[in-house]
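One structure below.
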Amino acid sequence: MSKLKDKFTGLIQPMRDDIRAFIKEHGDKQVSTVNVKQVYGGMRGVRAMVCDTSNVPPDKGLVVRGIPLKELFDTWPEDIFWLLCTGELPSDDERKDLQDEYKKYAGVPDYVWKVLEAMPKDSHPMCMLDTAILAMEGESKYRARYAEGMKKEDYWEPTMEDCMRILAILPELAAGIYRLRYNKGPRIAPDPNLDWGASYAQMLGLKDPDGIFAKLMRMYLTLHCDHEGGNVSAHACHCIGSALSDPYYAVSGGLNGLAGPLHGLANQECLKWVIEVMDKFGGAPTKEQLEKFAWDTLKAGKVVPGYGHAVLRITDPRFDAFLAFGKKYCADDPVFQTVSNVFDTVPGVLRQIKKIADPWPNVDAGSGALLYKFGLKEFEYYTVLFSVSRAMGMCSQLIVSRAWGEPIERPKSSTTEWLKKFVADNY
Ligand code: CMX
C-alpha cells in the first residue's frame, strides 16, 4: 500500500464519524439564505456545498487545509497534493513514496497519442487534453470495481487509484500535446530522476540552462492547485463525480469548464491583451496609454482579462507570487514590465466602474508574462498548464467526497413563473 493511501485510510473513519455526528446534531441549522438575485446570478455567495481541501476567504485568498498560500509559495506540487488529501505536509520519505507512485502509474498509452494525432491540426490544446483524459476512461479501476459490486465504504480507494493514474500521466500528456500541436518535434521521454514539476518542464523541451523554468513550473503547479469547491471547474468535476461517474469522466468534465474565458482560459486572453497593447503602442506603453487601452476594452463591451474575481476582494496572492518571481528573474523583460505596469494602472480604472466588485488582479494576470519570457509563447496552451495543476484539486476533492460518502448533487431549479408567483404570494 502506498504511504498516501495508508495515511488517508487512517483519516477516513474519524472524518465520517465527525461529519455524520455534525449532520445529526445540527442538520436543521440554517447556514445560508437565497434571494431572487442569487437564483438568477449564478448562485453567487450561496453556501450549499462542502469542500474541505481548501477555502478562499475574500480578504485572504487561497488557504489550503488551513495554510495560507503565501506560506506555500516554495512548496513542491507533490507536497501540495499530499496536503490537499490529508491536511498535512508530507515528510521527505512520504514525498519520495508519492513520487515513486507517480512513476509506477506513469506512461501515456499509444492509443491516446493516436487519438490526438487524428484530431484536426488546429484543435484547441484544452480540447486535446480533455479528449485524451476521457479516452482513457476504459482504464478506470473505479468503474471496474463498481461493476463488481464494491461496497460504498470502499469507493474512495479505486477513486484514489484512478486519480493517481491521471496525475501521473498528466505532465507527459500535456507536454506531448504541446509538442504535437505546435510542431515542436518528437515527444520527449520523461526523466525518471526528476520531480513532477521539473519533469513537465523538461518534456516541454524549452531551453532551461539555469533550471529557472523548472522552478517556475513547480511554483506554477503549486499556485493553481485548488480554489475551494464552487468555481466552475471544481464544481463541474464534483457534480459529475457525485453521480459516481469515475474520475476520468469527472476530471475531463471539470477541465472543460476550466476552458471557459471567464475561468481558466482567461490566462490565454490576458497575455494576448498585454501583447496587443504593446503592439499598438510599439513597446512597453505608458501609464496613460494603458489607461486608455483599458477604457477602450471596457467601452467595446469586453472584460479586462486577469482582473476581477467572483470571490476575492484583494490582489490574488497567486498574482503576488508571480510578480515577485518576475521581479527576481526577469525584471528587465518588457512584457513582464508591462504586466507590472498594468497592475499599477488597471485597478484604478476598474474601480471607477461601480458594478465591478473586485478591481484587483487574479491568478491569470501575472503568469503568462513569465511563461512568455521562457519561450512558451503559444497563449492557447496556457490553460493546459493550469489544468495539470488544478487536476490535483479536483482529484483530492473527489477522493475526499467519496471517502465520507457524499450523495449525488441535485439542487432544485425553479421556473421564472414559479419565482414570480412565489414573490407575489409571499411578499
Ligand atoms: N473587466 C470588465 N468587466 C468586469 C470585470 C473585468 N475584469 N470584472 C467584472 N466585470 C463586470 C462583469 O462582467 C459584470 O458585468 P455585467 O453585470 O454587465 O455582466 C459586473 O462587472 C459584475 O461582475 P462581478 O460581480 O464583479 O464579477 P463576477 O463574479 O460576475 O465575475 C469574473 C467574476 C472573474 C468572471 C469577472 O471578474 C471577469 O470576467 N474577469 C475577467 C476574466 C477573468 O480574468 N477570469 C479569470 C478568473 C479567475 C479564474 O477563475 O480562473
Next on the checklist: Please determine whether the number of non-hydrogen atoms from other residues, nucleotides or ligands lying under 6.0 Å from atom CZ of R313 exceeds 12.
Outcome noted: yes
Checklist entry - Any donor-acceptor pair under 3.5 Å linking the side chain of D130 with the backbone of N256? => result yes
Item to check | N55 side chain vs E228 backbone, donor-acceptor pair below 3.5 Å | outcome: no
Item to check | pair W273-K302: side-chain heavy atoms closer than 4.5 Å | outcome: no
Checklist outcome for this item: Here the pair of heavy atoms bringing G308 nearest to N362 is O-ND2, 2.8 Å
Checklist entry - Do other residues, nucleotides or ligands put more than 12 heavy atoms under 6.0 Å from the NZ atom of K60? => result no
Next on the checklist: What verdict does the side chain to side chain contact (heavy atoms under 4.5 Å, CB included) test give for V304 and V349, after you've listed the backbone C-alpha separation in whole Å, the side-chain angles of each residue and the deciding distance to 0.1 Å?
Outcome noted: CA-CA 10 Å; V304 179; V349 172; over 6 Å; no
Checklist entry - So which heavy atom on C225 is nearest to which on M392, and how close? => result CB-CE, 3.9 Å
Item to check | Sidechain-backbone polar pair: D208 side chain, A214 backbone, donor-acceptor under 3.5 Å | outcome: yes
Next on the checklist: Taking CE in M15 as the centre, count heavy atoms belonging to other residues, nucleotides or ligands within less than 6.0 Å. Is the count above 12?
Outcome noted: yes
Checklist entry - Hey, does the side chain of R179 reach the backbone of K184 with a donor-acceptor pair shorter than 3.5 angstrom? => result yes
Item to check | Donor-acceptor contact present, side-chain D246 to main-chain R143, <3.5 Å | outcome: no
Next on the checklist: Tell me whether Y111 at atom OH has more than 12 heavy atoms from other residues, nucleotides or ligands lying less than 6.0 Å away.
Outcome noted: yes
Checklist entry - Side-chain contact, heavy-atom cut-off 4.5 Å: L385 with L376? => result yes
Next on the checklist: Pair Y372, I275 - check side chain to side chain contact (heavy atoms under 4.5 Å, CB included), show working.
Outcome noted: CA-CA 10 Å; Y372 198 80; I275 299 294; 3.8 Å; yes
Checklist entry - Quick one: does E172's side chain have a donor or acceptor within less than 3.5 Å of a partner on I169's backbone? => result no
Checklist entry - Does E101 have any salt bridge (Lys or Arg N to Asp or Glu O under 4.0 Å) partners at least two apart in sequence or in another chain, and if so, which? => result K104
Next on the checklist: If you define the side chain from C-beta out and look only at heavy atoms, does anything of L312 sit under 4.5 Å from P58?
Outcome noted: no
Next on the checklist: Any side-chain to backbone donor/acceptor pair from Y178 onto P125? Under 3.5 Å, distance only.
Outcome noted: no
Item to check | D92 and R95 ion-paired at < 4.0 Å | outcome: yes
Checklist entry - Would you call the rings of H263 and F386 parallel, tilted or perpendicular if under 30° counts as parallel and over 60° as perpendicular? => result perpendicular
Item to check | Contact check, side chains of V251 and L398, non-hydrogen atoms, under 4.5 Å | outcome: yes
Checklist entry - Any donor-acceptor pair under 3.5 Å linking the side chain of R390 with the backbone of G254? => result no
Checklist entry - Would you say T338's side chain and V274's backbone share a donor-acceptor pair under 3.5 angstrom? => result no
Checklist entry - Once the angle between the rings of F213 and F374 is folded into 0 to 90°, is it parallel (under 30°), tilted (30 to 60°) or perpendicular (over 60°)? => result tilted
Checklist entry - Taking C85 as the fixed residue, which of L98, L4, T53 is the one that meets the side-chain contact (heavy atoms from CB on, under 4.5 Å) rule? => result L4
Next on the checklist: Is there a side-chain contact between P247 and Y142 in this structure, where contact means two heavy atoms from C-beta onward sitting under 4.5 Å apart?
Outcome noted: yes
Item to check | Residue pair N341 / Q337, side-chain donor-acceptor N/O under 3.5 Å | outcome: no
Checklist entry - Can E380 and R181 be said to form a salt bridge (charged side-chain N to carboxylate O under 4.0 Å, His left out), step by step? => result CA-CA 10 Å; E380 283 197 338; R181 175 63 181 74; 3.7 Å; yes
Checklist entry - Would you call R16 and E153 a salt bridge, taking side-chain N to carboxylate O under 4.0 Å as the test? => result no
Checklist entry - How are the rings of F322 and Y220 set to each other: parallel, tilted or perpendicular (split at 30° and 60°)? => result tilted
Checklist entry - What's the shortest heavy-atom distance between I188 and G205, and which atoms? => result CD1-CA, 3.4 Å
Item to check | Residues D93 and K3 bridged, charged N to O under 4.0 Å | outcome: yes
Item to check | Residues N267 and T383: side-chain donor-acceptor under 3.5 angstrom | outcome: yes
Checklist entry - What's the verdict on salt bridge (charged side-chain N to carboxylate O under 4.0 Å, His left out) for E117 and K114, showing C-alpha distance, side-chain angles and the deciding distance? => result CA-CA 5 Å; E117 281 155 10; K114 292 200 177 95; over 6 Å; no
Item to check | Ring geometry between H235 and H238 (parallel below 30°, tilted from 30 to 60°, perpendicular above 60°) | outcome: tilted
Next on the checklist: Could you check whether atom NZ of K37 has more than 12 heavy atoms from other residues, nucleotides or ligands sitting under 6.0 Å from it?
Outcome noted: no
Next on the checklist: Taking CZ in F73 as the centre, count heavy atoms belonging to other residues, nucleotides or ligands within less than 6.0 Å. Is the count above 12?
Outcome noted: yes
Item to check | For the student: nearest non-hydrogen atoms of A174 and Y200, plus distance | outcome: CB-OH, 3.3 Å
Checklist entry - Taking it one step at a time, do M217 and W196 satisfy side chain to side chain contact (heavy atoms under 4.5 Å, CB included)? => result CA-CA 9 Å; M217 287 305 293; W196 202 63; over 6 Å; no
Item to check | Centroid separation W360 to F319 less than 6.0 Å | outcome: no
Checklist entry - Is E88 paired with K7 through a side-chain N to carboxylate O contact shorter than 4.0 Å? => result yes
Checklist entry - Looking only at heavy atoms, which two atoms of R318 and L223 are closest? And how far apart? => result CD-O, 3.2 Å
Checklist entry - More than 12 non-hydrogen atoms from neighbouring residues, nucleotides or ligands closer than 6.0 Å to CG on D191, yes or no? => result yes
Item to check | Spacing of Q397 atom CD and L84 atom CG [to the nearest 0.5 Å] | outcome: 8.5 Å
Checklist entry - Is the count of non-hydrogen atoms from other residues, nucleotides or ligands lying under 6.0 Å from K103 atom NZ greater than 12? => result yes
Checklist entry - Please walk me through it: do L129 and L170 pass side chain to side chain contact (heavy atoms under 4.5 Å, CB included)? => result CA-CA 9 Å; L129 181 75; L170 267 182; 3.9 Å; yes
Checklist entry - Using the ring of each side chain (for Trp, its six-membered ring), is H227 parallel, tilted or perpendicular to H309, with breaks at 30° and 60°? => result perpendicular
Checklist entry - Under 3.5 Å, side chain of S252 to main-chain N/O of Y249, donor-acceptor pair present? => result no
Next on the checklist: For D154 versus R145, what's the shortest heavy-atom pair and its separation?
Outcome noted: CB-NH2, 3.9 Å
Report, one line per pair, each donor and acceptor closer than 3.5 Å where one atom sits in a side chain of residues 326-336; sequence neighbours left out.
from : atom 1 : to   : atom 2 : distance (Å)
D333 : OD2    : V335 : N      : 3.3
D333 : OD2    : F336 : N      : 3.0

Checklist entry - How about L244 and R402: do any of their side-chain heavy atoms sit closer than 4.5 Å? => result yes
